[in-house]
Structures are given as C-alpha cells and as structure tokens.
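This chain uses plain numbering: 1 for the first residue, then up along the sequence.
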Amino acid sequence: QVQLVESGGGLVQAGGSLRLSCAASGSIFRFNAMGWFRQPPGKQRELVARIISGGSTNYADSVKGRFTIFRDNAKNTLYLQMNSLQPEDTAVYYCWGGAHIENYWGQGTQVTVSS
C-alpha cells in the first residue's frame, strides 16, 4: 500500500494563506486521481479539489478562485494552495489517492481560520 502523509496545516487569520502538502511513500503515477477532502466541525467530509492523471482539475464551488491543487511528480507530492482563507474553511483536511479499486487516505491535518 501507498502511504500518504499531510502537512502544512495550522492557524491563520482570515484573508491569509496556507499551503498543504501530501507526500506519498511511492510514485504518485500509480493514482488515476488525487484530491483533497475536508471535514468541518460537526459536518460530513466533502470534496474540496481533485486532479486527474491527465492534469485536469475540479473544485468545489465554495473554493473556486481561492484554492489551487497541483502536484510535483519528481517529489511524489500533492499540494493544495489555499488563499483568501475564511473561517468557513476551518476543517481537518485529508489527502486522497485513487487507483482502480484502491483508495488511500492521509491522516489529516487541521486548518483553523480565525476571524
């Protein structure tokens, strides 16, 4: 199995930025798609952004124009650049990778945005 490890979470003021990283123990080329999910306090986990192996991306309406998902294949790392953060973005963020019938999840990293 491939292990995914998130990092980069923390506390930031509204309007600030954070960059989340997801490091894979193996090549990320094995994944057909990778993405970021988040789970706000008291709510269900939701898809934030997704990137397909060919490079196309999808974003939740709530983060379009503010978040950018990208990858560095040489470093086997997926990133989520988060700008103009708002308190509503507060959540545990999870990295995800999918390949055929396999699904892998990171341990999660906390993002807290204060007003």
- For the residue pair S84 and Q86, confirm or rule out a side-chain donor-acceptor distance under 3.5 Å.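 Judged by distance alone, the side chains do not pair up.
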- Message: What verdict does the side-chain contact (heavy atoms from CB on, under 4.5 Å) test give for R71 and I28, after you've listed the backbone C-alpha separation in whole Å, the side-chain angles of each residue and the deciding distance to 0.1 Å?
- Response: CA-CA 9 Å; R71 63 194 176 210; I28 62 175; 4.1 Å; yes
- Can you see which heavy atom on Q107 is nearest to which on V5, and at what distance?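 Scanning both residues completely, I find the closest heavy atoms to be OE1-CA, 3.5 Å.
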- Task: Evaluate the side-chain proximity of I51 to L78: yes if any heavy-atom separation is below 4.5 Å, no if none is.
- Result: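 Contact flag for L78/I51 side chains = yes.
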- Quick one: which residue pairs count as a salt bridge (charged side-chain N to carboxylate O under 4.0 Å, His left out) with a foot in residues 41-54, not counting sequence neighbours?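 Applying salt bridge (charged side-chain N to carboxylate O under 4.0 Å, His left out) to every pair that reaches into residues 41-54, excluding sequence neighbours, yields R38-E46.
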- Message: Checking one residue: F70. Which other hydrophobic residues are in its cluster under the side-chain 4.5 Å linking rule?
- Response: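 The other cluster members (ILVMFWY side chains, heavy atoms under 4.5 Å, direct or chained) are Y79.
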- Any side-chain heavy atom of Y59 sitting closer than 4.5 Å to one from I69?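 Touching, per the 4.5 Å side-chain cut-off.
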- Pairs touching residues 10-29 that satisfy salt bridge (charged side-chain N to carboxylate O under 4.0 Å, His left out), sequence neighbours left out: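 Residue pairs with at least one partner in residues 10-29: there are none.
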- Of the non-hydrogen atoms in N103 and G98, which two are nearest, and what is the gap between them?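 Heavy atoms only, the tightest pair is OD1-CA, 4.3 Å.
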- Task: Sequence neighbours left out, what pairs pass salt bridge (charged side-chain N to carboxylate O under 4.0 Å, His left out) with at least one residue falling in residues 91-101?
- Result: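 Residue pairs passing salt bridge (charged side-chain N to carboxylate O under 4.0 Å, His left out), neighbours aside: none found.
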- Task: Would you check if there is a donor-acceptor pair between the side chains of S17 and N83 at a distance under 3.5 Å?
- Result: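 S17 and N83 do have a side-chain donor-acceptor pair below 3.5 Å.
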- Set of side chain to side chain donor-acceptor pair (under 3.5 Å) partners for N73, sequence neighbours left out: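 By the side chain to side chain donor-acceptor pair (under 3.5 Å) rule, N73 matches no residue at all.
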- Decide yes or no for E6 and L20: does some side-chain heavy atom of the first lie under 4.5 Å from some side-chain heavy atom of the second?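 No, their side chains stay 4.5 Å or more apart.
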- Task: Answer whether the closest heavy-atom distance between the side chains of W36 and F67 falls below 4.5 Å.
- Result: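 Answer no - side chains too far apart.
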- G106 versus Y94, closest heavy-atom pair with distance: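 Looking at all heavy atoms of both residues, the shortest contact is O-CD2, 3.7 Å.
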- Does Q110 reach the side chain of T112, with side-chain heavy atoms less than 4.5 Å apart?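 The answer is yes; the side chains approach within 4.5 Å.
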- Query: In Å, rounded to the nearest 0.5 Å, how long is the span from OG of S62 to CG of D89?
  - Reply: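 Nearest 0.5 Å value for the OG-CG distance: 7.0 Å.
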- Task: Could you tell me which non-hydrogen atom of P87 sits nearest to which non-hydrogen atom of S114, and how far apart they are?
- Result: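 For P87 versus S114, the nearest heavy atoms are CG-C, 4.5 Å.
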- Item | F37 side chain near W105 side chain, heavy-atom distance below 4.5 Å |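 Yes. Closest side-chain heavy atoms under 4.5 Å.
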- Message: With rounding to the nearest 0.5 angstrom, report the CG to SG distance, L4 to C22.
- Response: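 L4 atom CG to C22 atom SG measures 4.5 Å (nearest 0.5 Å).
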- Item | Heavy-atom side-chain contact between L18 and Y93 under 4.5 Å |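 Not touching, per the 4.5 Å side-chain cut-off.
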- Co-members of the apolar cluster containing I52 [side chain, <4.5 Å]: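 Answer for I52: none, a lone residue.
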